[in-house]
Amino acid sequence: MKLRHLYISALAFLLAACGSKQDYRNAIPAKSAAVVSIDIKSMSEKSGLSGDNANEKLLSRLENMVKSGLTGSEALVEKVFNDAGESGLGVNDKIYLFAGEQAKMGGLLVKVTDSGKLDNVLEVLKKQQVCAAVKESDGCKWTVLGNWLLAYNDNALVFVADNKGSNPQSLVRQASMWLRQKEGEGFSASDDFKSIEQKKGDIVLWSSLEVLPQEVVYPLTMGVSAELRLKDVKAVSTIDFVAGKTVVDVEMMVADKVMKDIMEKKQQVTSTVKGVYLDMFPSATPFWATANIKGGEFYDFICGNPSVRRYFEKSMIPLDFRSIFSAISGDVALAMSGPEGKEFIAYADVKNDNFLKSFERLKPLAALSGGQVLLRNYGDKGYEFKTTDGSLVGLPAGYIELWIGVKNGKLYVTNKESLIDRRVLGLSLRNSKWGNRVEGQRFFMASDLTSLNNIFDLKKLRGAMASALVFFGGLDYLTVESADGDNVHIEILMKDKNKNPLATLLDY
């Protein structure tokens, strides 16, 4: 009898193992260079698409939109909208996006709750000529939608394509291998995946430098040790939609020794912002950024990149850039304004103005230009520079006019003369909503976003893009700050401080 009970127990265990569904997250490719986790349930609740208080008007509009594109399939559409589970997909589970090295391949992963119901949905899409007929091979079912492959089994669905525009059918074997991955075989078994799951946010993005194309990485890493391991330079970013704003936090996770050394050197050549330039600009300044640098050391640091060093050494303007940077010590700031945001002025605290002598030596060269380049004194310690074509001196093409000088212990560079002696007659940036957050930061930037209303005539917009553009028209301002110089905190504020950004985007 005991032996019989043992057989029954073993059989029950085997049946349970065969019948249990594997974790759909196992299908995330092990060699992913970037993975994004999207909490659909949380975002749906915030946008008013779920729960007892769901936005029925919006849901009805979305349903009618889908029906109009799937003529003859109204019954199925209604069924899915009444019960999203009828799609066969886990609508309350997280969706994952992934990308491979240099973004050569990317895709989307969704949990499958009922492959039979998913079969029915794809059959309707095939009749509407949205996708090809579903086939079965390599242990999974698959179909093609444009340049994308859709492959699935009883646990997961992957939607994948490469950046070469390859025939999607060539990706079937690869997709089937991902779908067959067991516990401990995919990206979900890594510590990096654990770092994603531990974060709280509507969207969580993990990425390494490996995801960037070579043409992007190469200029950034020129001159850096060949021992730099791109896959060990990582960051986890969280995006959260809360009432009145979108919050983004970027946390660096660097295990590579070479990059750690670079980051440590950057810390040594910068310091915390004192906020001295908050009082020099009116509160309505459209764009403003500030930092604090140790000029000479900072110059040596950025010249560690050969492309930057070559730019200064081979510049068509023979200035002593080292002496200019070496004079800087303290806060620096850049402000942009004007009708199109093209007027700017940059300030920097300087220890002396000896570097201005190098400008004096440029006068004979300007005189040889036949009037195409003009350099003359401006006040006691300044210069006015003009050229009919900036490309003549290694600057952007077209007419350029600049004023450069030192006043009250501050270096200024501007393309608008009136900005030099501008006085703040009312509230300054220190009085802005974010003004008290600047001091003590390693970097701070603020940008007014209300001008987006001037770009689009939002009242006249109609069609699919209207809601997206109305969303941008509802933005107030953006701030980017870093307290330690490595990790970054971003806030995108809405004009309506009581409404969730997702609801603003969808409810139009």
Side-chain angles (χ1 to χ4, degrees), residues 23-25 27-28 34-66 77 80-99 106-113 118 121 156-159 188 193 195-207 235-251 449 464-476 478 489-508:
D23 190 335
Y24 73 110
R25 299 174 299 178
I28 303 174
V35 174
V36 182
S37 166
I38 304 175
D39 192 333
I40 295 296
K41 183 177 180 180
S42 172
M43 292 175 67
S44 296
E45 291 172 350
K46 291 180 178 181
S47 62
L49 292 180
S50 65
D52 295 335
N53 298 318
N55 189 329
E56 296 297 334
K57 181 180 178 181
L58 175 58
L59 285 173
S60 177
R61 187 162 65 244
L62 290 174
E63 182 178 345
N64 291 332
M65 187 185 301
V66 174
V77 173
V80 169
F81 268 85
N82 289 332
D83 181 2
E86 290 296 322
S87 66
L89 300 176
V91 293
N92 289 322
D93 295 274
K94 292 179 180 179
I95 288 177
Y96 294 88
L97 306 177
F98 56 85
L108 175 147
L109 171 70
V110 185
K111 181 178 181 179
V112 172
T113 55
L118 180 56
V121 171
L157 175 150
V158 292
F159 199 47
S188 60
F193 183 73
S195 70
I196 296 175
E197 297 299 276
Q198 289 169 357
K199 292 292 183 180
K200 302 297 182 183
D202 296 318
I203 300 175
V204 181
L205 163 65
W206 170 91
S207 60
V236 175
S237 306
T238 60
I239 303 174
D240 210 16
F241 302 99
V242 298
K245 63 182 177 180
T246 301
V247 180
V248 182
D249 283 292
V250 182
E251 178 184 349
L449 301 178
M465 287 298 294
S467 60
L469 295 179
V470 166
F471 168 78
F472 289 118
L475 297 178
D476 191 0
L478 159 77
H489 178 76
I490 303 171
E491 292 188 6
I492 306 172
L493 279 294
M494 307 293 296
K495 294 173 185 174
D496 186 342
K497 300 299 185 288
N498 298 314
K499 196 168 187 178
N500 190 284
L502 288 172
T504 302
L505 179 62
L506 294 175
D507 190 15
Y508 175 71

Looking at V204, V248, I203, D202, which hits side-chain contact (heavy atoms from CB on, under 4.5 Å) with T238?
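Output: one option passes, namely V204.
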List in chain and number order the residues that pass ring pair (Phe, Tyr, Trp, His ring centres under 6.0 Å) with Y24, two or more places apart in sequence or in another chain; answer none if no residue qualifies.
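If we apply the ring pair (Phe, Tyr, Trp, His ring centres under 6.0 Å) test to Y24, skipping adjacent residues, there are no hits.
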Which heavy atom of [X] sits nearest to which heavy atom of [Y], and what is that distance?
X: G244; Y: P501; answer: N-CD, 4.3 Å
X: E86; Y: V121; answer: O-CG2, 4.2 Å
X: R25; Y: E197; answer: NH1-OE1, 2.8 Å

Step by step, would you call K46 with D240 a side chain to side chain contact (heavy atoms under 4.5 Å, CB included)?
CA-CA 10 Å; K46 291 180 178 181; D240 210 16; 3.1 Å; yes
Measuring from atom [atom1] of [X] to atom [atom2] of [Y], what distance do you get when rounded to the nearest 0.5 angstrom?
X: L475; Y: I492; atom1: CG; atom2: CD1; value: 7.0 Å
X: I95; Y: I40; atom1: CD1; atom2: CD1; value: 4.0 Å
X: M43; Y: N500; atom1: CE; atom2: CG; value: 9.0 Å
X: I490; Y: T246; atom1: CD1; atom2: OG1; value: 11.0 Å

Worked check of side chain to side chain contact (heavy atoms under 4.5 Å, CB included) between V36 and L205:
CA-CA 4 Å; V36 182; L205 163 65; 3.4 Å; yes
Does any N or O in the side chain of [X] come within less than 3.5 Å of the main-chain N or O of [Y], such that one atom is a donor and the other an acceptor?
X: S37; Y: Y96; value: no
X: D93; Y: K111; value: no
X: D496; Y: G474; value: no

Check the pair L89 / V112 against side chain to side chain contact (heavy atoms under 4.5 Å, CB included), numbers first and verdict last.
CA-CA 5 Å; L89 300 176; V112 172; 4.2 Å; yes
Quick one: do D476 and K497 satisfy side chain to side chain contact (heavy atoms under 4.5 Å, CB included)? Show the steps, please.
CA-CA 10 Å; D476 191 0; K497 300 299 185 288; 3.1 Å; yes
According to side chain to side chain donor-acceptor pair (under 3.5 Å), who are the partners of K94, at least two apart in sequence or on a separate chain?
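For K94, no residue satisfies side chain to side chain donor-acceptor pair (under 3.5 Å) once neighbours in sequence are set aside.
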